[in-house]
Each structure stands twice: as C-alpha cells, then as structure tokens.
Amino acid sequence: MSWIATLPNGPELAARIGLAMERETGRPKIPMKWIYVSECLYRKCEGGTIYIRMYHDGERVVRSTRTNDPVKAKKVRKRLQDELWAKRYGTILPGPQVQDRFLTINTLIKDYVRAGFPTKKMRTKEANTVERERNLLRPVLKWWGSKNPNAVTLADCDAYREWRNSGGYVSIYHLRGHKKTRPTRGGDRIVDMELDVLSNVFHLARRRQRIKIHPLMGRGKFVSAADVRHCREVAPDPKSLEKLEEYFRRRGEDDLADCIVFMAYSGLRIGETLVRRWSEVNMAEGIVDAKRSKRGIFPWVIITEELKSLLVQMRERRKTSEVDSDLLFPSPFDPSIPRDQSAIRSRLSTACHAIGIRHVAPHGLRSFFVTSARESGLTDAEIAMLIGDKSGPALIASTYGDVRSEHLVRQAQRIRFRHQVPELI
C-alpha cells in the first residue's frame, strides 16, 4: 500500500481503500499521523515521501513531492505555489508586478473620487468645480476605464478625440420623467477639459506611488485661443434685447422674458440668477443679495432704475399668479425648485432663429451688462467688482472687454487734431 501514497491523489485513494478494507474485515482503521518536516511539508513515516499540505481558495490541497529530501521538497512546494499564482493571475510573478499589470484607470479614478477631487497641492475644490469634474469623468470612464495607465501614450489622446468627436459617447439623461439617450460630440474644447481632469487623476496616482510616471505629461491642447468663442460674441445689442423681450411677452411667456432681462440688467450668471429669491431683494437699500459662484466677490447686485422697474413689474404679475414661491424664477412643474437651465437655453436659441438675429447665449447677457457699464464710464476694475469676478480688470479687458460700434463712433467724433491757440494781445 505504500506505493499508493506516491500517486498524485495518493492520500485520498489510500483513505478510500482503507475504508473499504475496514468494511470487509470489520476491523477499525488506524488513524494516520503526519510528521511535520517544514512549512506545509509533512511525511507519513520517518524517511518516507514528503507531501505538501496547504489551503488554496478555501480548499485543502495535498500533493506528493515524489521525494524524501526536504531541500528538493521545498523547491517543489515553491513551484506549486507559482503554478497556483499563474492560474489565478495569469502570470508566475506575484507581487508588485501583478498589481501593475492588473491596474486600471477605473481604479485610479475611484481613488481620485474618494479623495474628494483634490488639487495638485491637495487642497479642496469648490462644489461647482467638483460637480463639473464629476460630469466630465463620465465619457472618460467609458473610453479610458479599462486601460492600464502604465501602457497609456499620447497617441491614445488622439484616438479619444476621434472617438469623442464622432459621437461615440452616448449620453443618458432624464427629461420630464422619461429616460433619454443621445450620441454627443464633445468638440476639441470639451475633449481638452476631459483630458485635464484625467491628468488630475494621474497626478494624484503618481503622488501616491500608484504609477511611476505621468503618461499625459507634456500633452498639447487640441484647441487654440483663436478657436474659443468669447461671451461677447454671443451678446445682444439693446435693440436685439428689446426684440427678444417683445417676442416672449407676445407669446405669453413673461417668466422667460423676465429671466432674460434680469440677467442682462444684473450681470449674473444663469446659475446665480435662477436661485435668487424674493427674500433677497432689498428695495430700500437698492441691492439684491447674491452669493457668487467660482469664489466670486461682492455678494450684491446693485438695483439700477431699469432693474427696479423690472422687479416692480414682476412683483405685480406675481400677485395675480397662482404660483406661490419665494423663487424669482420657479419651475412651471414644481414651484419649489428653480427653472431648468437647458429649457432657457433652448427657448433663447429658438427665439433668436425666429426673430432673425445672431445667436444669443445666457452668458452673453452677462457681457451685455459689462459693455453697458463700460460705455457708461466705469473702469474695468469697478466692473469686475460689480459682477463679482475675482480675476479683476485683466479678464474684463480680455474676455468681456467690448464697446458697441455706435458708442465707438460717438467717442471718435470727440477727437480734435488742431487745438485753438489763444492770440497774444
């Protein structure tokens, strides 16, 4: 029976044979005692064959080393462990190499999200910035998630740009309680923003030594400054604003007309406008409390004569309306929440097409306020304070800085090339 133990399933086979003999002879089987040799190595008797006894994935494994030499048995045990690693991970090199091989960008993004979307200096970002990065990561996860960060090259950025601009990402959203899907084309600017967020993920991974090098270091931008459309290019002139207001009021959409004119007269962003409440309007002091986004400053809006007249008209219409809400611009479906931004953008675009004027965007109404303030004689520093922009006059001059052609003509007519010199008596 000793030769049976040398077979691959020897101990199990010997146990079955012993049980059969016990049944035939009626004599009880003598329990076998294993003799300890080394870690996971045992033998049945002195000088006998050494066996490997270990647990793998919750199951007990017993294998014969086919030798009675402890040194050779240890080598056989090491080879068996490597084979089990190979079966589980697809490689015979356990340890850091396995972790690098099976590391995915999806794992790094999860670490970045759990860390709270930190900056490169491990500081906390604003809530709006975090929400924007969370949205930008959705197409990034779709295309980059299963890739290994150690194998990423700059050529992958070009492939991602082609996939994104061809409508490869399908957006899933809910519209009035219904689930909708739509292929989206990001454009070069959105692609750059999404890759910037992915770069932030790699910065954190490198800081925590999850990766050795930053694979996107030195990546150039796909979009140039000449391709960026500034808000002044989608701003209305006074006549266009009057046409837009008349268009909505003629169709009985006074709430949309009020919202558009309010943004033009206040200089607020659309997100800052829609959350304003009547309890924040202080007619006595001539201000509206307005918490700025993007770490903005000057938390008030000055009530000018035009804005005061608009607020008075809105209050009169509110008295005759059945909607009871503290919001200036409540949703028509649920007065307790603000109106949806996408609905305003869509209706504004439709109105511009119907009237026959150039496209006007909500942020262009902010530029309308800046242009009007410049033509009224305010300095760029004063305008930056009024719209709550922390960047100061530099951004006003580069992004919002513009005057209308009529104002420029009037200013040019003030130029004098010859000055009258008084005659000497």
Side-chain angles (χ1 to χ4, degrees), residues 174-178 234-293 299-357 359-369 372-373 386-388:
H174 290 80
L175 179 63
R176 298 177 181 176
H178 299 282
V234 290
D237 53 32
K239 293 182 179 179
S240 298
L241 184 63
E242 291 178 2
K243 291 181 179 179
L244 286 172
E245 182 182 6
E246 181 183 356
Y247 173 83
F248 286 117
R249 296 202 187 282
R250 188 172 62 248
R251 297 173 60 90
E253 300 178 88
D254 290 326
D255 51 348
L256 280 173
D258 294 338
C259 181
I260 292 171
V261 177
F262 184 88
M263 284 190 286
Y265 290 169
S266 64
L268 291 175
R269 302 178 180 90
I270 185 172
E272 299 169 345
T273 299
L274 296 179
V275 295
R276 298 279 67 84
R277 296 179 176 273
W278 284 106
S279 56
E280 299 171 343
V281 179
N282 190 338
M283 289 290 194
E285 298 183 6
I287 59 174
V288 177
D289 293 336
K291 184 179 179 181
R292 307 285 182 170
S293 59
W300 299 288
V301 171
I302 305 301
I303 300 179
T304 59
E305 290 298 326
E306 290 86 350
L307 183 57
K308 181 178 181 180
S309 176
L310 174 66
L311 290 172
V312 170
Q313 295 175 16
M314 290 174 58
R315 184 165 288 176
E316 292 297 326
R317 281 190 289 268
R318 181 171 178 263
K319 293 179 181 178
T320 59
S321 175
E322 298 179 357
V323 178
D324 185 14
S325 175
D326 189 41
L327 291 166
L328 291 180
F329 309 105
S331 170
F333 306 101
D334 186 358
S336 63
I337 61 176
R339 179 179 284 271
D340 185 45
Q341 294 187 22
S342 61
I344 296 177
R345 297 179 190 275
S346 177
R347 294 294 298 127
L348 187 58
S349 178
T350 303
C352 293
H353 182 74
I355 297 172
I357 61 176
H359 178 66
V360 176
H363 210 63
L365 300 171
R366 181 176 172 88
S367 180
F368 174 88
F369 176 87
S372 301
L386 282 177
I387 65 174

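If you read the sequence from its start, that first residue is 1, and numbering goes on from there. These numbers come from a predicted model, not from an experiment.
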Enquirer: Which residues pass the side chain to side chain donor-acceptor pair (under 3.5 Å) test with Ser342, sequence neighbours left out?
Expert: Asp340
Enquirer: Using the side chain to side chain donor-acceptor pair (under 3.5 Å) criterion, which residues pair with Ser240? Sequence neighbours excluded.
Expert: Asp237
Enquirer: Please identify which of these residues, His363, Arg345, Arg366, meets the side-chain contact (heavy atoms from CB on, under 4.5 Å) condition with Ile270.
Expert: Arg345
Enquirer: With sequence neighbours left out, write down each residue that passes salt bridge (charged side-chain N to carboxylate O under 4.0 Å, His left out) with Glu306, or none if nothing qualifies.
Expert: none
Enquirer: Return the set of residues passing salt bridge (charged side-chain N to carboxylate O under 4.0 Å, His left out) with Glu246 (not counting sequence neighbours), or none when no residue passes.
Expert: Arg250
Enquirer: With side-chain contact (heavy atoms from CB on, under 4.5 Å) as the criterion, how do Asp255 and Arg339 come out once you've worked through the C-alpha distance, each side chain's angles and the decisive distance to 0.1 Å?
Expert: CA-CA 10 Å; Asp255 51 348; Arg339 179 179 284 271; 2.2 Å; yes
Enquirer: Given 3.5 Å as the limit, does a donor-acceptor pair link the side chain of Thr350 with the main chain of Ser346, or not?
Expert: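 Indeed, once roles are kept as given, a pair shorter than 3.5 Å links the two residues.
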Enquirer: In the structure I gave you, are the side-chain heavy atoms of Arg315 and Val312 within less than 4.5 Å of one another anywhere?
Expert: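 No, too far: nothing below the 4.5 Å cut-off.
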Enquirer: Nearest 0.5 Å please: distance from the NZ atom of Lys308 over to the CG atom of Leu311.
Expert: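 Interatomic distance, Lys308 NZ to Leu311 CG, rounded to 0.5 Å: 10.0 Å.
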Enquirer: Does some side-chain heavy atom of Ile260 sit less than 4.5 Å from a side-chain heavy atom of Leu241?
Expert: yes
Enquirer: With side chains defined as the heavy atoms from C-beta onward, is the minimum distance between Val301 and Leu307 less than 4.5 Å?
Expert: yes
Enquirer: Excluding sequence neighbours, so at least two apart, what forms ring-ring contact (aromatic ring centres under 6.0 Å, His included) with Trp300?
Expert: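 For Trp300 the ring-ring contact (aromatic ring centres under 6.0 Å, His included) partners, ignoring immediate neighbours, are Phe298.
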Enquirer: To check you understand the geometry: which heavy-atom pair defines the closest contact between Phe369 and Leu386, and what is its length?
Expert: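 Closest pair (atom of Phe369, atom of Leu386, distance): CE2-CB, 4.4 Å.
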Enquirer: Suppose we screen for side chain to side chain contact (heavy atoms under 4.5 Å, CB included). Which residues come up paired with Pro238, at least two apart in sequence or across chains?
Expert: Phe368, Arg404
Enquirer: If the condition is salt bridge (charged side-chain N to carboxylate O under 4.0 Å, His left out), which residues does Lys319 pass it with, not counting sequence neighbours?
Expert: Glu316
Enquirer: Of all residues at least two apart in sequence or in a different chain, which pass the side chain to side chain contact (heavy atoms under 4.5 Å, CB included) check with Ala235?
Expert: Ser367
Enquirer: Among all residues two or more places apart in sequence or in another chain, which pass the side chain to side chain contact (heavy atoms under 4.5 Å, CB included) test with Arg317?
Expert: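 Result, side chain to side chain contact (heavy atoms under 4.5 Å, CB included) vs Arg317: Arg249, Asp254, Asp258, Gln313, Met314.
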Enquirer: Would Glu272 and Arg269 pass as an ion pair if we require N to O under 4.0 Å?
Expert: yes
Enquirer: Is there side-chain contact between Leu274 and Cys259, with at least one heavy-atom pair below 4.5 Å?
Expert: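 Counting from C-beta outward, Leu274 and Cys259 do come under 4.5 Å.
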Enquirer: Tell me, do Pro236 and Ile357 make a side-chain contact under 4.5 Å, heavy atoms counted?
Expert: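 Of all side-chain heavy-atom pairs linking Ile357 with Pro236, none is under 4.5 Å.
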Enquirer: Closest heavy-atom contact between Arg318 and Ser325?
Expert: NH2-O, 3.0 Å
Enquirer: How long is the gap from CD1 on Ile302 to OG on Ser266, to the nearest 0.5 Å?
Expert: 11.5 Å
Enquirer: Measure the spacing between CZ of Arg276 and CE of Met263 and express it to the nearest 0.5 Å.
Expert: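 Here the rounded value is 13.0 Å.
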Enquirer: Side-chain contact, heavy-atom cut-off 4.5 Å: Phe262 with Leu365?
Expert: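 They are not in contact (no side-chain heavy atoms under 4.5 Å apart), so the answer is no.
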Enquirer: For residues 326-333, please give each side-chain donor-acceptor pair under 3.5 Å, one per line with the distance, not counting sequence neighbours.
Expert:
unit_1	atom_1	unit_2	atom_2	d
Asp326	OD1	Ser279	N	3.3
Asp326	OD2	Ser279	OG	3.1
Ser331	OG	Phe333	N	3.3

Enquirer: Which pair of non-hydrogen atoms, one from Arg347 and one from Phe248, has the smallest distance, and what is that distance?
Expert: O-CZ, 3.7 Å
Enquirer: Please enumerate all residues that pass side chain to side chain contact (heavy atoms under 4.5 Å, CB included) together with Val261, with sequence neighbours excluded.
Expert: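 Side chain to side chain contact (heavy atoms under 4.5 Å, CB included) list for Val261, sorted by chain: Glu245, Tyr265, Leu310.
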Enquirer: Tell me every residue that passes side chain to side chain donor-acceptor pair (under 3.5 Å) with Asp324, counting only those two or more places apart in sequence or in another chain.
Expert: none
